Structures are given as structure tokens and as C-alpha cells.
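The structure appears below as C-alpha cells.
These figures come from a predicted structure and were not determined experimentally. Labels below follow one simple rule: chain letters A, B, ... track the order of the sequence lines, proteins then strands, and each chain is numbered from 1.
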There are 2 protein chains.
Amino acid sequence: MNKKSTEEKILQAAETEFIENGFKGARMQAIADRAGINKALLHYYFRTKEKLFEVIFRTVFKFFVPKMFNVFEREDLDIFEKIRIFVSEYINLIVKNPHIPGFIIHELSSKKSNIGKLFAEQNIDVDLFRRLINSEIEKGTIKDIMPEQLIINIIALSVFPVIAEPIATGVLFDGDEKKYQAMLKERDKHVADFIINSIKA
Amino acid sequence: MNKKSTEEKILQAAETEFIENGFKGARMQAIADRAGINKALLHYYFRTKEKLFEVIFRTVFKFFVPKMFNVFEREDLDIFEKIRIFVSEYINLIVKNPHIPGFIIHELSSKKSNIGKLFAEQNIDVDLFRRLINSEIEKGTIKDIMPEQLIINIIALSVFPVIAEPIATGVLFDGDEKKYQAMLKERDKHVADFIINSIKA
DNA sequence: GTCTATAAGGTGATAGAC
DNA sequence: GTCTATCACCTTATAGAC
């Protein structure tokens, strides 16, 4: 029935446990339980909690942070279409994995480890994005704007409502989870409109 | 020299420790050390780690979440000035306390406790904000927009770059902390412009 | 590779003297 | 109120049998 190798089972169990509880909150026993094995085997495969965490974090990070910029390389779309597609796809990705951004942010803030490497490994082509934006400004299709500020805005508008879900639900929707979900459903269109309205020349 | 009462010293030490390490990562011993007392005294004043945390979280939460809407009550400002002031003051507040938003978000996501009360205690007047926005839409000063979406946008644009500092610095500024700080310095003006450009009719 | 048993050290919490 | 000493439990990690 279960053809997954032990290592795969461990990795999947660890990912769930770490994302749910963070590094400090995660328990090796809980990971073993989720994987249907015992603690000793965990250490046989990954020696320490730290090492296991590093593998998981790397995977999650590489899955989430990059490839955000892929859309912007396509030459068949204008800048506004690119933004629409990016926002839509990214929000969709986050809604399906709502705890991952918070996990990454929290662990990056509380770890002093050599995460510097992780960014280097991603080779995200920010320069491509910079050139694109600057060229659009020169062409006169969008207003003058710092490319870094713009990309932060796009990510912020997409990610924040999901990681701040409890606050948003509590403050804005009186604890009504359904109203929050309704807002989120319209979010991709709203965000794209909001951005485009702002930058369109 | 130190006129602070023991209770005050504990509270301040606990706030630092909890914000820095989260509930699960915080250590009662570390709090005692920071306060210059011993563990036993900690329990004498606050019985359990859980109870001490609740006091801290309440304080931080009440300090941070509300009073955001105060600006919008002033009648001597137009909607755009209100937004400028709010963004400027809120970003300023966050930059001075950069770890607090992440702390609140993380603890709210990982606690199932009866936080519902906290929101009720704040009696934030979201309706005031709703009425203000809707009235401006009717007057024709701003475009049609859902007040909830707008307030989320304003908070997201203000808060996100600070809580995602390691990622922003790593991905956008090649690890150069100074470039990140420079971006942040212009952030309040940029955000206000970005929002106003978007919603101005 | 996988298990049971256990070591070694930490952590929240309390007892009891002052 | 404040301290020292200590308990009871939990957590990571390893030893050693199979």
C-alpha cells in the first residue's frame, strides 16, 4: 500500500510538524509519530533535529521564494497582464499553503544561521525585473517608481492578508471566517486592479 | 538607582524575551536573568509561564492593534491627508518596534486560546472607517473600493516590508542592510503616494 | 534498517528557610 | 518578598539487540 520510502515519510512528517509548530515548537517524537516510526530511526536518517530542520527549510524556501519572477520573463504579455498573472498565481499558491509564508518569516527572524547561502542558491533575477520596470517607465506606460518598492508592494498585498488572517478576521469581520474567505476570493482581482490603478501612467 | 518595582522589571524582561523568542522559545530562566532575579520569584508573581505570557501578549496587542484608526476621526483633514498621516505614523511605530508585528502574527497563528476576547476589548471602530470610505466614494473623491480591502492594503504595505526584512534584504538588496534601510526611509512617502495614486478618482 | 531502553541535560514549577 | 534546593517531567540523542 504505502510505497513511500522511510526517508520520504520522515521528510513529509517533518515538514508538517515544523511548519505547524516552528523549529522550537516541533517535537521529534511528533515527527516520528506522524511518519509511523520511532525516534531512533529519525536520528539514524538525519542525526539531529537541527539538520532535519535545515533540509525542510531549504525545500520549503526554494519552493516558495523563487519562480515568482518567471512570469515577468514572458515576452508575449504587457506589463499589466504580467502583474495580473503574477498576483493571481501567487495568491493562489499562498492560499493553498497558508502557513508557509509565516513559517519562513518567523524562522528567518529567529535564526542567525548561515541562511545567506539560501538566497544565493535561488539566483532570482531581480535585475530582469528592474530592467523591465525601468524600461516601462521610459516608454511611458507606467509612472516613475522604484522597482524594489514596487515588488515589495506586490508581494505585501498578496501575502499579508493570508498570514494576518486571525487579525483580519477578528478586527474586520467580527470573527466571521466566511466573510474573510469571501474577501480573499476577490483578493487577486482587487490587488491587481489596485496596483495597476496606481502605476498606470 | 533602580527604582523599578520587581513586577515592572519582570514584565519588561518577559516582554523582551517573549517577543524575541516566542512563547515556546522563551525560557523562564532567561526572563529571570534579564530581570536580575531568580525563577522562583517569577512564579511567585505570575504563577505560570502561560499566565505571564498572557499579560505580555495582551499589553503588546493593545498597544499595537488599536489606535490605528484614530487619525480617521479627525474632521480637519481630507481623506488623503488622513492616509498620509496614518501611514507615516504607523510605519514609524513599526520601525521602532520591528519585531512586534511578527510576534503577534506568529502567536495568534499558533495559539488556539481564547483570543477572541482580545478583539472585543479593543473596540476598534471599523464602522467609522467604513462610513468614511463609503462617503468619500459617494462624494466622488475616490474610486469605488471595498473598505476592508483598502484597510488591508494600507496595513499590508506598511507592515510587510518590516516583518519580511531578512527576505527583502537578501533577495532585493543582495544582503546589504544599508540599502534596505535606505528603502525603508522613503517607505512612508512611497506607500502614501502609491495608495493615493490608486484610489484617487 | 528498525526497534527498545536509557542516558544526559534541560525546563517549569514548588517547598521551605530567611 | 526573595532566596536556595529540588522535584517531576520532557526532550534530544545514543547504545545495543535484532
Identify all side-chain donor-acceptor contacts of residues 190-201 of chain B below 3.5 Å with residues at least two apart in sequence or on another chain.
unit_1: His190(B); atom_1: NE2; unit_2: Asn153(A); atom_2: ND2; d: 2.9
unit_1: Asp193(B); atom_1: OD1; unit_2: Arg84(B); atom_2: NH1; d: 3.1
unit_1: Asp193(B); atom_1: OD1; unit_2: Arg84(B); atom_2: NH2; d: 2.9
unit_1: Asp193(B); atom_1: OD2; unit_2: Lys189(B); atom_2: NZ; d: 2.7
unit_1: Asn197(B); atom_1: ND2; unit_2: Asp193(B); atom_2: O; d: 3.4
unit_1: Ser198(B); atom_1: OG; unit_2: Phe194(A); atom_2: O; d: 2.6

Contact list for DNA chain C against residues 17-24 of chain A - heavy-atom distance below 4.0 Å: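 Heavy-atom cutoff 4.0 Å gives no residues at all.
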With Ser135(B) via side chain to side chain donor-acceptor pair (under 3.5 Å) - residues at least two apart: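 Residues passing side chain to side chain donor-acceptor pair (under 3.5 Å) with Ser135(B): none at all.
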Residues which pass ring pair (Phe, Tyr, Trp, His ring centres under 6.0 Å) with Phe18(B), listed by chain and number, not counting sequence neighbours: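 Ring pair (Phe, Tyr, Trp, His ring centres under 6.0 Å) check on Phe18(B) returns Phe53(B).
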Partner residues of Glu20(B) under the salt bridge (charged side-chain N to carboxylate O under 4.0 Å, His left out) criterion, sequence neighbours left out: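 Result, salt bridge (charged side-chain N to carboxylate O under 4.0 Å, His left out) vs Glu20(B): Arg34(B).
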Lys178(B): partners by salt bridge (charged side-chain N to carboxylate O under 4.0 Å, His left out), with sequence neighbours left out: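 Expected list: none.
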Could you list the donor-acceptor pairs under 3.5 angstrom formed by side chains in residues 164-175 of chain A, with sequence neighbours left out?
unit_1: Glu165(A); atom_1: OE2; unit_2: Thr169(A); atom_2: OG1; d: 3.1
unit_1: Thr169(A); atom_1: OG1; unit_2: Glu165(A); atom_2: O; d: 2.9

Nucleotide N/O of nucleotides 9-11 of chain C paired with protein N/O under 3.5 Å:
unit_1: dT11(C); atom_1: OP1; unit_2: Arg27(B); atom_2: NE; d: 2.7

Contact boundaries on DNA chain D for chain A, cut-off under 4.0 Å to non-hydrogen atoms: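 First-to-last contact on DNA chain D, by the 4.0 Å heavy-atom rule, is dT11(D) to dA15(D).
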Set of residues satisfying side chain to side chain contact (heavy atoms under 4.5 Å, CB included) with respect to Ile137(A), sequence neighbours excluded: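 With sequence neighbours excluded, Ile137(A) shows a side chain to side chain contact (heavy atoms under 4.5 Å, CB included) to Ile133(A), Asn134(A), Ile142(A), Asp144(A), Ile145(A), given in chain and number order.
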Please table the atom pairs, donor to acceptor, closer than 3.5 Å between any side-chain atom in residues 93-101 of chain B and protein atoms at least two apart or in another chain.
unit_1: Lys96(B); atom_1: NZ; unit_2: Asn92(B); atom_2: OD1; d: 3.1
unit_1: Asn97(B); atom_1: ND2; unit_2: Leu93(B); atom_2: O; d: 2.9

Inter-end axis angle, the helix from dG1(C)-dC18(D) to dC18(C)-dG1(D), with every axis fitted to five base pairs (rounded, 10 degrees):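 Answer for the end axes of this duplex: 10°.
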